Amino acid sequence: MASGYGVNGGPSRCFPFWQELLSCYVVNTTEFDDSGKAKCAGHMEDYYECLHHRKEAARVKALQAAYRAAEAKKLKENPPNATQIRNLGLLDKEEDTKKVLGSS
């Protein structure tokens, strides 16, 4: 990971973030005083996000929840009738299938 070599031999996806973090540490800390690490918090956050994708996963989860809520609301407002459900997926009943699934 920090070596700079990825799975296929090229640079790993997070290596540039690691380099930024390391250069921040080198510039802001010394052997005897590491109080400058606080200045590198943004670089550390970027590097961890590249490794673990926690912010991205949280955003995707929120988007999926919003999408599911909108789909449930749409289905509640315009529920399919029993005939449409019985005809779902049958030949020559494509209109009913499109109405139920919302396809155009």
Side-chain angles (χ1 to χ4, degrees):
M1 154 178 51
S3 67
Y5 293 104
V7 176
N8 297 322
S12 65
R13 70 171 193 266
C14 298
F15 187 64
F17 295 103
W18 171 251
Q19 286 180 318
E20 287 290 321
L21 177 63
L22 191 59
S23 66
C24 182
Y25 277 163
V26 168
V27 169
N28 293 310
T29 61
T30 65
E31 186 177 336
F32 307 106
D33 180 27
D34 63 350
S35 62
K37 282 185 178 181
K39 294 179 182 178
C40 302
H43 295 292
M44 177 71 82
E45 188 176 333
D46 291 343
Y47 179 59
Y48 280 166
E49 176 59 24
C50 180
L51 289 175
H52 305 293
H53 304 289
R54 289 198 174 121
K55 289 180 185 177
E56 180 184 2
R59 186 169 192 270
V60 167
K61 190 175 181 179
L63 286 171
Q64 286 176 341
Y67 178 77
R68 287 187 185 113
E71 287 291 315
K73 182 180 176 186
K74 184 175 83 170
L75 189 59
K76 241 183 197 179
E77 290 173 354
N78 190 14
N81 61 35
T83 306
Q84 289 173 331
I85 293 173
R86 276 191 226 107
N87 294 337
L88 189 62
L90 296 177
L91 296 176
D92 298 325
K93 301 294 182 180
E94 288 85 12
E95 296 84 23
D96 289 338
T97 301
K98 287 178 183 178
K99 287 178 188 174
V100 173
L101 298 178
S103 304
S104 48

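Just so we're clear, the structure is a prediction, and the values are computed from it rather than from any experiment. The analysis underlying the following values was restricted to heavy atoms, covering all of them including side chains, and did not include hydrogens, waters or symmetry mates.
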- Item | CZ (R13) with more than 12 external heavy atoms under 6.0 Å | yes
So disulfide bond (SG atoms under 2.5 Å apart) across residues 31-79, not counting sequence neighbours, yields C14-C50, C24-C40
Residues at least two apart in sequence or cross-chain that pass side-chain contact (heavy atoms from CB on, under 4.5 Å) with Q64, listed by chain then number, are V60, R68
Heavy atoms of P16 and S12 approach each other most closely as CD-O, 3.9 Å
Side chain to side chain donor-acceptor pair (under 3.5 Å) filter on E45, not counting sequence neighbours, yields K55
Q.
I'd like to check H43 versus Y47 (side-chain heavy atoms, cut-off strictly below 4.5 Å). Are they in contact?
A. no
Residues at least two apart in sequence or cross-chain that pass salt bridge (charged side-chain N to carboxylate O under 4.0 Å, His left out) with D46, listed by chain then number, are none
Those residues at least two apart in sequence (or on a different chain) that pass side-chain contact (heavy atoms from CB on, under 4.5 Å) with K37 are Y25, T29, D34
Residue set satisfying side chain to side chain donor-acceptor pair (under 3.5 Å) with E49, at least two apart, ordered chain then number -> none
Contacts of D33 meeting side chain to side chain donor-acceptor pair (under 3.5 Å) (sequence neighbours excluded), chain-then-number -> S35
Check: Any link between V26 and L21 through a network of hydrophobic side chains (Ile, Leu, Val, Met, Phe, Trp, Tyr) touching at under 4.5 Å?
Finding: no
